[in-house]
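Data block below; observations after.
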Amino acid sequence: MSLSGREVLLVGGASGLGSATTRMLAEEGAKLTVTYRANRERAEEFRSVATLVPMDLRSADDRARVLDLVRDLYGLVIFAGVPARVRRVEELEGVTRISFQDNFLGPMLMAREVAGYLRANSIAGAIVLIASMQAVHPFPASTAYSTQKAALVHAAKVLAKETRGPYYIRVNVVCPGVTDAGMAQESIAAGKYERYLEEQIIPRYGQAQDVARAVRFFLEPDNYVTGQVLTVDGGLTL
């Protein structure tokens with residue numbers, strides 16, 4: 001079923017990963033609202049296909065303002081997040097606090113608020129959260145980042161269970177692997193994951209389009225899937 005004419009809110013939809021989904025849905029004719037926090041110049045690339053709205057996902061006022069702007073919202077996708085890299089052990093506490101706000105609390109609250117909107121308007125919609133392969137598989141030195149993404153995965157499953165019923169709001173999670181877009185680009189450039197190519201564990205690094213296709217699957221109208229996690233990593237975490 002087509003998403004043409006359906007209203008989709010893409011939080012961070014101009015980001016490295018989000019941009020491919022924004023383009024895909026725009027080509028399909030979806031009515032798009034794209035939020036951005038700091039990089040307005042990058043967001044302006046989508047001015048012709050989406051309504052652009054500045055928003056800090058951590059702000060309750062900003063989240064409420066964005067929900068007031070939509071009229072017939074069908075779907076939500078949240079790409080927003082921070083890499084939460086810890087260079088020294090002394091940084092762990094501070095970086096984890098930032099990660100909690102950006103990688104878990106803000107996205108979780110936005111998802112629940114959109115679910116409330118959909119229920120209040122009797123809409124059987126779809127919510128897609130973006131986590132990480134690090135949320136489902138342990139990697140060294142990833143505590144500040146991965147724990148919050150793992151919490152987001154669990155929160156999505158709880159919300160999916162709570163939103164079954166008369167209007168059946170579907171809530172699912174996409175967990176990208178090593179993707180040559182967005183936050184992973186720095187790690188790829190540093191050679192962190194090169195051995196996975198050399199040992200032929202994965203055939204290539206992921207692309208933003210790989211994630212976009214997974215998101216589109218979960219947005220599919222009348223999709224029969226909820227409360228699930230799809231890891232898009234070429235088999236790396238196997």
Side-chain angles (χ1 to χ4, degrees), residues 3 6 8-30 32-53 55 57 75-85 102-103 107 110 126-137 139 142 145-146 149 152-153 156 172-194 196-197 201-220 223 228-237:
L3 289 170
R6 293 184 183 261
V8 180
L9 172 60
L10 298 150
V11 177
S15 66
L17 285 181
S19 59
T21 300
T22 298
R23 291 190 182 95
M24 178 181 289
L25 299 185
E27 290 174 0
E28 194 170 347
L32 304 179
T33 297
V34 170
T35 76
Y36 63 94
R37 185 163 80 181
N39 198 332
R40 178 173 180 173
E41 183 178 352
R42 184 169 59 187
E44 286 291 340
E45 297 177 14
F46 299 95
R47 174 70 67 182
S48 63
V49 298
T51 299
L52 304 180
V53 183
M55 182 182 71
L57 193 58
L76 167 71
V77 188
I78 300 181
F79 292 96
V82 295
R85 295 186 176 94
D102 286 341
N103 291 324
M110 187 71 188
I127 295 172
V128 184
L129 301 178
I130 307 300
S132 166
M133 68 175 183
Q134 295 184 36
V136 295
H137 186 87
F139 283 84
S142 68
Y145 179 73
S146 65
K149 287 295 190 178
L152 186 64
V153 168
N172 294 287
V173 184
V174 174
C175 288
V178 184
T179 306
D180 195 9
M183 292 186 291
Q185 287 179 309
E186 181 179 333
S187 296
I188 290 175
K192 181 178 178 180
Y193 295 107
E194 195 169 322
Y196 293 101
L197 291 177
I201 292 171
I202 55 175
R204 60 173 172 82
Y205 292 131
Q207 300 174 349
Q209 291 86 345
D210 298 317
V211 177
R213 284 191 289 267
V215 171
R216 174 59 182 80
F217 166 70
F218 283 138
L219 288 175
E220 177 79 26
N223 190 312
Q228 301 303 307
V229 181
L230 178 56
T231 304
V232 184
D233 70 346
L236 187 152
T237 55

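Residue numbers count from 1 along this sequence. Just so it is clear, the values below take in all heavy atoms, side chains as well, and ignore hydrogens, waters and symmetry mates.
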> By side-chain contact (heavy atoms from CB on, under 4.5 Å), which residues pair with Ala135, not counting sequence neighbours?
Replying inline: Ala131, Lys149, Ala150, Val153
>> Holding to side-chain hydrogen bond (donor to acceptor under 3.5 Å, both in side chains), I want the full list of residues that pass it with Thr231, two or more places apart in sequence or in another chain.
In response: none
>> Using the side-chain contact (heavy atoms from CB on, under 4.5 Å) criterion, which residues pair with Leu230? Sequence neighbours excluded.
In response: Ala214, Phe218, Val232
> Between the main-chain N or O of Phe217 and the side-chain N or O of Asn223, is there a donor-acceptor pair closer than 3.5 Å?
Replying inline: yes
>> Just verifying a value: how many Å separate Ile202 CD1 and Tyr193 OH, rounded to the nearest 0.5 Å?
In response: 10.0 Å
> How would you list, by chain and number, every residue that makes a side-chain contact (heavy atoms from CB on, under 4.5 Å) with Asn39, sequence neighbours excluded?
Replying inline: Glu41, Arg42
> When rounded to the nearest 0.5 angstrom, what distance separates CG in Asn172 from CG in Leu129?
Replying inline: 9.0 Å
>> Is any side-chain heavy atom of Tyr145 closer than 4.5 Å to one of Ser132?
In response: yes
> If you round to the nearest 0.5 Å, how far is CG of Leu219 from CG of Leu76?
Replying inline: 9.0 Å
>> Going by the rule salt bridge (charged side-chain N to carboxylate O under 4.0 Å, His left out), which residues pair with Asp102 if we only count those two or more places apart in sequence or in a different chain?
In response: Arg37, Arg58
> Do Tyr205 and Leu197 touch side chain to side chain, with heavy atoms closer than 4.5 Å?
Replying inline: yes
>> For Phe139, give me all partners under ring-ring contact (aromatic ring centres under 6.0 Å, His included), at least two apart in sequence or on another chain.
In response: His137
> Looking at residues at least two apart in the chain, or sitting in another chain, which of them share a side-chain hydrogen bond (donor to acceptor under 3.5 Å, both in side chains) with Asp210?
Replying inline: Arg204, Arg213
Which pairs would a plain distance check flag for residues 12-29, meaning a side-chain donor or acceptor within less than 3.5 Å of a matching protein atom at least two apart in sequence or in another chain?
residue : atom : partner : partner atom : Å
Ser15   : OG   : Gly12   : O            : 2.8
Ser15   : OG   : Gly18   : N            : 3.0
Ser19   : OG   : Ser15   : O            : 3.1
Ser19   : OG   : Gly16   : O            : 3.2
Thr22   : OG1  : Gly13   : O            : 2.7
Thr22   : OG1  : Gly18   : O            : 3.2
Glu28   : OE1  : Arg216  : NE           : 2.8
Glu28   : OE2  : Leu3    : N            : 2.8
Glu28   : OE2  : Arg216  : NE           : 3.4
Glu28   : OE2  : Arg216  : NH2          : 2.8

> About how many Å separate CD of Gln134 and OG of Ser142, when rounded to the nearest 0.5 Å?
Replying inline: 4.5 Å
> Can you find a pair of side-chain heavy atoms, one from Val173 and one from Val128, that are under 4.5 Å apart?
Replying inline: no
>> In the structure I gave you, are the side-chain heavy atoms of Val11 and Val77 within less than 4.5 Å of one another anywhere?
In response: no
> Would you say Val178 and Asp233 make side-chain contact, with heavy atoms under 4.5 Å?
Replying inline: no
For residues 179-188, tabulate all N or O donor-acceptor pairs below 3.5 Å that involve a side-chain atom, not counting sequence neighbours.
residue : atom : partner : partner atom : Å
Thr179  : OG1  : Gly177  : O            : 3.2
Glu186  : OE1  : Arg85   : NH1          : 3.2
Glu186  : OE2  : Arg87   : NH2          : 3.1

>> Among residues at least two apart in sequence or on other chains, which ones pass side-chain hydrogen bond (donor to acceptor under 3.5 Å, both in side chains) with Thr33?
In response: none
> Which residues pass the side-chain hydrogen bond (donor to acceptor under 3.5 Å, both in side chains) test with Thr51, sequence neighbours left out?
Replying inline: none
>> Any heavy-atom pair between the side chains of Leu57 and Pro107 that's under 4.5 Å?
In response: yes
> Are any of the side-chain heavy atoms of Leu9 and Thr35 separated by less than 4.5 Å?
Replying inline: yes
